[in-house]
Amino acid sequence: QVQLVESGGGLVQTGGSLRLSCAASGRTFSNYPMTWFRQAPGKEREFVASINWSGSSTYYADSVKGRFTISRDNAKNTVYLQMNSLKPEDTAVYYCAARLGYGLSTRLHEYDYWGQGTQVTVSS
């Protein structure tokens, strides 16, 4: 059974940092892109950051560019999201997702596997 399990969320003050992890099990995703999305209360799920299979190519939403960094360790079948300079508007449930395709995508419907999410709350 394929599972994506996020961890690392929590409560942090404005300007603080968190590092999210997403560990995959049940199959390897080392050949496929991995992506982080987030969903704030009352809002639609939105794209945050994506990374290609090797880690050589990344793509970020404008709202997080320069503050968040996505990375991966294929040996551990894990993807990370380092979040710095956090703002209250970053408060959301963060999900990792994997798609059995190639190329980076921001489209939710193109993703085949999702984690259960981890809550990030940034206090002002």
Side-chain angles (χ1 to χ4, degrees):
Q1 182 180 358
V2 175
Q3 278 192 313
L4 300 177
V5 180
E6 302 96 335
S7 61
L11 174 64
V12 64
Q13 291 186 333
T14 297
S17 298
L18 284 173
R19 188 193 194 206
L20 306 184
S21 299
C22 172
S25 61
R27 70 165 295 151
T28 180
F29 291 100
S30 59
N31 295 326
Y32 300 106
M34 297 287 289
T35 299
W36 288 94
F37 292 86
R38 67 186 182 186
Q39 187 167 18
K43 295 188 177 181
E44 294 185 350
R45 195 169 298 189
E46 65 176 6
F47 168 80
V48 176
S50 189
I51 188 167
N52 73 337
W53 71 274
S54 68
S56 63
S57 180
T58 57
Y59 184 67
Y60 296 92
D62 287 342
S63 59
V64 307
K65 201 172 296 183
R67 300 187 298 121
F68 290 10
T69 302
I70 189 171
S71 61
R72 67 190 299 163
D73 184 339
N74 285 339
K76 296 181 178 180
N77 221 16
T78 299
V79 64
Y80 305 96
L81 186 68
Q82 177 67 44
M83 305 186 296
N84 299 329
S85 302
L86 283 162
K87 306 174 181 179
E89 51 263 45
D90 294 317
T91 294
V93 177
Y94 284 71
Y95 300 89
C96 71
R99 59 189 291 259
L100 303 182
Y102 300 96
L104 305 181
S105 173
T106 64
R107 302 181 183 89
L108 277 72
H109 70 272
E110 293 188 358
Y111 286 82
D112 301 287
Y113 299 102
W114 291 84
Q116 83 290 347
T118 185
Q119 176 71 47
V120 171
T121 303
V122 184
S123 63
S124 57

Might you point out which heavy atoms bring [X] and [Y] nearest each other, and give the distance in Å?
X    : Y    : value
T78  : S21  : CG2-CB, 4.4 Å
T91  : A40  : O-CB, 3.6 Å
L18  : L86  : N-CD1, 3.9 Å
S124 : T14  : CA-OG1, 3.4 Å
Q116 : V5   : OE1-CA, 3.7 Å
P33  : L104 : CB-CD2, 4.0 Å

Aromatic plane relationship, Y94 with F68 - under 30° parallel, 30 to 60° tilted, over 60° perpendicular: tilted

Describe, in one word, how the ring planes of W114 and F37 are oriented to each other, choosing from parallel (under 30°), tilted (30 to 60°) and perpendicular (over 60°).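 W114 vs F37 ring planes: tilted.
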
Kindly determine whether M83 and V120 satisfy side chain to side chain contact (heavy atoms under 4.5 Å, CB included), including the steps that lead there. CA-CA 10 Å; M83 305 186 296; V120 171; 3.8 Å; yes

SB check K65 D62 (cutoff 4.0 Å): yes

Are [X] and [Y] joined in one hydrophobic group, where the rule is that I, L, V, M, F, W and Y side chains link up if heavy atoms are under 4.5 Å apart?
X    : Y    : answer
L108 : V2   : no
V93  : Y80  : no
Y32  : Y113 : yes

Distance from [X] atom [atom1] to [Y] atom [atom2], nearest 0.5 Å?
X    : Y   : atom1 : atom2 : answer
L81  : T69 : CG    : OG1   : 8.0 Å
R67  : N84 : CZ    : CG    : 9.0 Å
L20  : Q82 : CG    : CD    : 8.5 Å
S50  : R99 : OG    : CZ    : 8.0 Å
L100 : R27 : CG    : CZ    : 5.0 Å

Apply the test side chain to side chain contact (heavy atoms under 4.5 Å, CB included) to residues F29 and L4: give CA-CA distance (whole Å), side-chain angles for both, the deciding distance (0.1 Å), then the verdict. CA-CA 10 Å; F29 291 100; L4 300 177; 3.8 Å; yes

Within the side chain of [X], is there an N or O that forms a donor-acceptor pair under 3.5 Å with the backbone of [Y]?
X   : Y    : answer
N77 : A23  : no
S30 : T28  : no
S85 : G15  : no
R72 : N52  : yes
E6  : G117 : yes

Test log, rule side chain to side chain contact (heavy atoms under 4.5 Å, CB included), inputs R38 and S63: CA-CA 12 Å; R38 67 186 182 186; S63 59; 3.4 Å; yes

Exactly one of Y60, W36, Y95, Y59 should register a ring-ring contact (aromatic ring centres under 6.0 Å, His included) with F47. Which one does?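 The single option meeting the ring-ring contact (aromatic ring centres under 6.0 Å, His included) with F47 is Y59.
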
Could you check whether R107 makes a cation-pi contact with Y111, meaning its NZ or CZ is under 6.0 Å from the centre of the six-membered ring and within 45° of the ring axis?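 Output no; distance or angle outside limits.
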
